[in-house]
Amino acid sequence: MASSGENEETLLPFTLSRFQVSEDYGFLLPNPLTELPAPYGLWMEIASSLPQLIASRQLRSRLHQVPSRIPGLHLAHLVLSFLTMGYLWQEGEEGAVKVLPRNLAVPFWEVSQRLGLPPILSHADFVLANWKRKTPGRNLDPIISLPGGESLRGFILVTLLVEKAAVPGIKVLRSRKPAGARVTVYDLISLLDYVDPAVFYSVIRIFLSGWRDNPAMPHGLVYQGVSEEPLAYSGGSAAQSSVLHAFDELLGIRHSAESTAFLHRMRDYMPPPHRAFVEEIQRAPSLRQHVLSSGNGKLCAAFNQCVSALTDFRTHHIAIVTKYITTPADGAAKGTGGSHIFRFLKSVRDTTREGMISA
């Protein structure tokens with residue numbers, strides 16, 4: 001006779017390494033590669049000169065000369081995503097192309113399939129895998145850049161620092177102690193405000209834009225050699241970062257149906273192990289319910305401090321987005337991920353505040 005536990009699902013330990021999350025770097029890719037193997041050097045050569053090639057309107061002609069070869073994975077996806085954004089937006093929003101040529105589309109699609117990522121520049125490319133140690137005095141730099149100069153560099157590195165600042169909170173997610181999350185969220189607030197608003201709106205925003213819910217590309221993009229029909233993908237967005245998704249799930253924050261649908265769609269742009277990490281926290285026993293049933297006033301206060309800090313962070317984020325997107329766009333802008341950004345951010349801030357436990 002079979003033992004009672006024989007048919008039960010074996011539970012794997014909730015370790016960070018299981019989800020490809022680093023003890024030191026969190027969701028960032030530790031020590032990303034900065035060079036491709038020799039057969040694929042042309043990809044890297046072009047990618048390292050993207051701002052100049054775009055400014056001189058030579059990128060598209062250079063890319064048409066590149067053979068269809070597949071480099072190896074994380075750096076390949078990073079390189080191909082930046083090349084794709086440069087190719088599409090070289091002439092700005094008014095000059096977007098409708099077809100990605102076969103020699104970019106096919107390798108980009110195949111690398112994306114192997115990594116479980118969409119064939120577009122995402123947060124995983126733009127930030128998590130796009131950093132290297134630099135010479136003394138400038139400790140970190142992006143591996144690949146687009147037009148935007150120091151503002152782009154600052155935007156990438158500040159976002160990277162936000163990811164790095166979240167590491168202590170990621171570690172305590174395993175034990176589900178609210179105090180660790182409280183400290184981390186407060187640390188994140190001070191790192192957001194850096195980039196020149198004019199450069200962000202008129203340059204950086206365009207190169208991060210996708211081809212879903214975008215009036216400049218209302219029908220999406222044809223990936224030549226992959227699909228005869230246009231495909232639609234959202235652009236790079238902070239909503240694709242696993243950090244706040246994880247904190248929301250830990251604290252039991254419940255957003256509106258519209259906001260939840262958008263956030264869950266953004267999870268499709270996360271590396272699959274990171275998405276699994278967030279989903280594991282979602283399936284875990286409720287921290288909020290534990291705090292409520294404990295009757296412990298100090299525990300309840302610590303939980304509310306976490307929710308308050310996350311609310312403050314999102315309030316600060318609204319101010320940043322107003323400065324960099326909403327005001328330059330006269331209040332009518334969407335985010336690079338395709339959301340109606342001010343309405344979305346206000347909604348998630350308000351529903352976060354509603355996560356407080358009443359005394």
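Not one N or O on the side chain of Thr327 forms a donor-acceptor pair closer than 3.5 Å with the backbone of Lys323. Within the 3.5 Å criterion, the main-chain N or O of Leu78 finds a donor-acceptor partner in the side chain of Ser81. Side-chain atoms of Asn304 do not come within 3.5 Å of backbone N or O of Met356 as any donor-acceptor pair. Distance alone, capped at 3.5 Å, is enough to place a donor-acceptor pair between the Arg288 side chain and the Gly355 backbone. At distances below 3.5 Å, not a single donor-acceptor pair connects side-chain atoms of His274 with backbone N or O atoms of Val21. No donor-acceptor distance shorter than 3.5 angstrom exists from the side chain of Ser49 to the backbone of Gln52, with no hydrogens or angles considered.
When the options Val321, Ile318, Leu263 are evaluated for a side-chain contact (heavy atoms from CB on, under 4.5 Å) with Phe344, the one that passes is Leu263.
Put simply, the side chain of Lys171 does not reach to within 4.5 Å of the side chain of Pro168, judged on heavy atoms. Gln224 has its side chain out of reach of Leu104: every pair of non-hydrogen atoms, C-beta onward, lies at least 4.5 Å apart. Side-chain contact between Val291 and Ile357 is present, with heavy atoms from C-beta onward closer than 4.5 Å. With contacts defined as side-chain heavy-atom distances shorter than 4.5 Å, the pair Arg265/Phe262 qualifies. Using a 4.5 Å heavy-atom cutoff, the side chains of Met44 and Ile143 are in contact. The side-chain heavy atoms of Leu50 and Leu59, taken from C-beta on, include a pair separated by under 4.5 Å. The closest side-chain heavy-atom distance from Lys98 to Leu221 is not below 4.5 Å. When side chains are defined from C-beta on, Thr352 does not count as touching Phe313, because their heavy atoms never get closer than 4.5 Å.
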Practice task
Apply side chain to side chain contact (heavy atoms under 4.5 Å, CB included) to the pair Arg153 and Ser145, showing each step before the final yes or no.
Solution key: CA-CA 7 Å; Arg153 177 179 181 271; Ser145 290; 5.7 Å; no
Practice task
Show your reasoning for whether side chain to side chain contact (heavy atoms under 4.5 Å, CB included) applies to Phe342 and Ile325.
Solution key: CA-CA 9 Å; Phe342 188 79; Ile325 295 181; over 6 Å; no
Handout entry: Stepwise side chain to side chain contact (heavy atoms under 4.5 Å, CB included) check, Val127 with Leu28
Key = CA-CA 8 Å; Val127 177; Leu28 294 167; 4.2 Å; yes
Handout entry: Residue pair Thr84, Leu121: steps toward the side chain to side chain contact (heavy atoms under 4.5 Å, CB included) verdict
Key = CA-CA 8 Å; Thr84 294; Leu121 176 70; over 6 Å; no
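Scanning for side chain to side chain contact (heavy atoms under 4.5 Å, CB included) contacts around Ala96 gives Trp89, Met217, with sequence neighbours left out. Applying the ring-ring contact (aromatic ring centres under 6.0 Å, His included) criterion to Phe207, with sequence neighbours excluded, gives no partner residue.
Ion pairing of Arg267 with Glu279 is absent here, as no side-chain N (NZ or NE/NH1/NH2) approaches a carboxylate O to less than 4.0 Å. Salt-bridge annotation for Glu93 and Arg205: present, with a side-chain N of the basic residue lying under 4.0 Å from a carboxylate O of the acidic one.
Hydrophobic clustering keeps Phe19 apart from Leu29 (ILVMFWY residues linked when any side-chain heavy atoms are closer than 4.5 Å, directly or through intermediates).
Applying the salt bridge (charged side-chain N to carboxylate O under 4.0 Å, His left out) test to pairs two or more places apart or on separate chains, those with a residue in residues 45-62 are Glu45-Arg62, Arg57-Glu91.
Side-chain atoms of Ser112 and His77 include a donor-acceptor pair closer than 3.5 Å. Ser234 and Arg212 share no donor-acceptor pair across their side chains, judged by distance under 3.5 Å alone. Remark: the His255 side chain and the Thr351 side chain contain an N/O donor-acceptor pair separated by less than 3.5 Å. Counting only N and O atoms by type, the side chains of Asp125 and Ser122 include a donor and acceptor under 3.5 Å apart.
Under the 30°/60° scheme for interplanar angles, the aromatic rings of Phe155 and Phe126 are found to be tilted. Between Tyr223 and Trp211, the ring planes lie tilted relative to each other; the angle falls in the 30° to 60° range.
Within a 6.0 Å radius of NE2 in His219, no more than 12 heavy atoms belonging to other residues, nucleotides or ligands are found. In Gln65, the CD atom is crowded: over 12 heavy atoms of neighbouring residues, nucleotides or ligands sit closer than 6.0 Å.
Closest of all the heavy-atom pairs between Gly148 and Ile204 is CA-CG1, 4.4 Å. In terms of heavy-atom proximity, Leu146 sits nearest to Ile54 at CD2-CD1, 3.9 Å. Closest of all the heavy-atom pairs between Asn103 and Pro107 is O-CG, 3.2 Å. Residues Ser242 and Met270 approach most closely at OG-SD, 3.4 Å, considering heavy atoms.
Remark: aromatic rings of Tyr87 and His64 are close, center separation under 6.0 Å.
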